[in-house]
Visitor: 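Just dropping this structure here.
First listed ligand is number 1; within each ligand, the first listed atom is number 1.
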Amino acid sequence: MIKTDVIDQIAFELFEAEKQKKAVNKFVDAYPELDEALAYQVQEHLVEMKCKEENTKRIGLKLGLTSKAKQEMMGVHEPSYGILLESMQLFEGEKISLAPFIHAKLEPEIAFIFNKELKGPHVTVADVLQATEYIAPAVEIIDSRFHGFKFTLADAVADNSSSSRFIIGERFYSPKNFDLKLMGMVFKQNGEVVATGAGAAVMGHPARAIAWLANRLYKVGQSIQPGEVVLSGSLSAAIKIEAGDHFTAGFDGLGSVEAIFTE
Ligand code: 0L1
Ligand code: MG
């Protein structure tokens with residue numbers, strides 16, 4: 001198959017999998033040519049299709065696979081990124097129906113909101129912190145379109161890095177008063193602690209993940225734009241969501257963000 005056909009075919013299958021709520025098998029077996037570079041092209045095409053269908057637009061980006069444990073599990077040394085669309089943003093306090101998801105999980109993350117363009121190839125942690133207008137507590141709902149969350153890095157990248165929805169807490173803070181690598185996090189499901197973490201779980205420092213993103217985007221002629229939001233990557237393992245669940249993710253000094261789920 002020629003390259004554009006492969007891109008179209010995989011993007012279409014992922015688009016339909018999400019729409020029909022029907023998981024698919026990973027693609028690398030059927031399409032051995034699916035490497036990371038091609039996967040980002042599939043992701044771009046998939047995002048274009050979603051923007052058209054949902055009449056929405058890009059409002060930021062997310063990082064995935066930012067923890068050492070997850071990278072080791074996948075046999076990779078780098079994180080991945082995905083695109084956040086306006087239609088993916090949910091708000092604290094609204095009850096979230098599980099109806100649109102295949103097998104959703106929740107991740108506690110730190111949201112960065114930028115007031116300047118962040119453009120590679122030499123962005124540092126200091127540059128990220130300088131360009132950050134605000135940080136805020138956040139949770140990401142991930143929902144892989146692959147059976148059992150079983151995929152290679154290229155599959156996950158094509159699937160927009162398993163992105164689905166996200167909620168950003170309502171209070172925003174300047175990053176200047178925090179040491180983000182030491183920021184503690186307590187993740188509760190129905191009042192019970194299900195995970196704890198610290199900022200350093202995200203590549204040693206959450207801003208390092210953002211610097212990686214800006215430098216990686218440079219390779220495809222892109223940058224992080226002023227006003228965009230970036231989700232850092234999870235401070236703990238993702239937790240499976242069940243109907244009726246009430247989650248809170250509390251971050252030292254930032255307060256907490258909650259998410260409530262129904263059938
Ligand atoms: O946000 C994430 O860390 C998810 C990245 C893609 C891999 C996965 O679904 O676990
Ligand atoms: Mg995430």
Visitor: Test of geometry: compute the angle OE2(Glu109)-the Mg ion (ligand 2)-OE1(Glu140) and round it to 10°.
Guide: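 Between OE2 of Glu109 and OE1 of Glu140, at the Mg ion (ligand 2), the angle is about 100°.
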Visitor: Using links of under 4.5 Å between side-chain heavy atoms of ILVMFWY residues, direct or through other members, which residues join Phe91 in one cluster?
Guide: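 None, because no other hydrophobic side chain comes under 4.5 Å of this residue.
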Visitor: How many angstroms lie between CD1 in Ile239 and CG in Asp245, if you round to the nearest 0.5 Å?
Guide: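 Ile239 atom CD1 to Asp245 atom CG measures 10.0 Å (nearest 0.5 Å).
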Visitor: Keeping the roles fixed (side chain from Asn160, backbone from Gly82), state whether a donor-acceptor pair exists under 3.5 Å.
Guide: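 Such a contact is absent between Asn160 side chain and Gly82 backbone.
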Visitor: Which of the N/O/S atoms in Glu107 sits closest to the Mg ion (ligand 2)?
Guide: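 Checking each N, O and S atom of Glu107, the shortest distance to the Mg ion (ligand 2) belongs to OE1.
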Visitor: Does Val193 sit in a hydrophobic cluster with other residues, and if so which ones, taking ILVMFWY side chains as linked at heavy-atom separations under 4.5 Å, directly or through other members?
Guide: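 Val186, listed by chain and number.
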Visitor: Pair up each side-chain donor or acceptor in residues 167-175 with any protein partner under 3.5 Å, not counting sequence neighbours, and list the distances.
Guide:
| from | atom 1 | to | atom 2 | distance (Å) |
| --- | --- | --- | --- | --- |
| Tyr173 | OH | Leu254 | O | 3.3 |
| Ser174 | OG | Lys176 | N | 3.1 |

Visitor: Can you tell me how the ring of Phe27 sits relative to the ring of Tyr31, calling it parallel under 30°, perpendicular over 60° and tilted otherwise?
Guide: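 The rings of Phe27 and Tyr31 sit tilted, inter-plane angle from 30° to 60°.
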Visitor: Taking the side chain as every heavy atom from C-beta outward, state whether Leu153 and Glu36 have any atom pair closer than 4.5 Å.
Guide: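 Yes, their side chains come closer than 4.5 Å.
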Visitor: Students should find this: residues with any non-hydrogen atom under 4.0 Å from ligand 1. What is the answer?
Guide: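 Residues near ligand 1: Lys62, Leu63, Gly64, Leu65, Lys70, Glu107, Glu140, Ile142, Phe149, Phe151, Ser161, Ser162.
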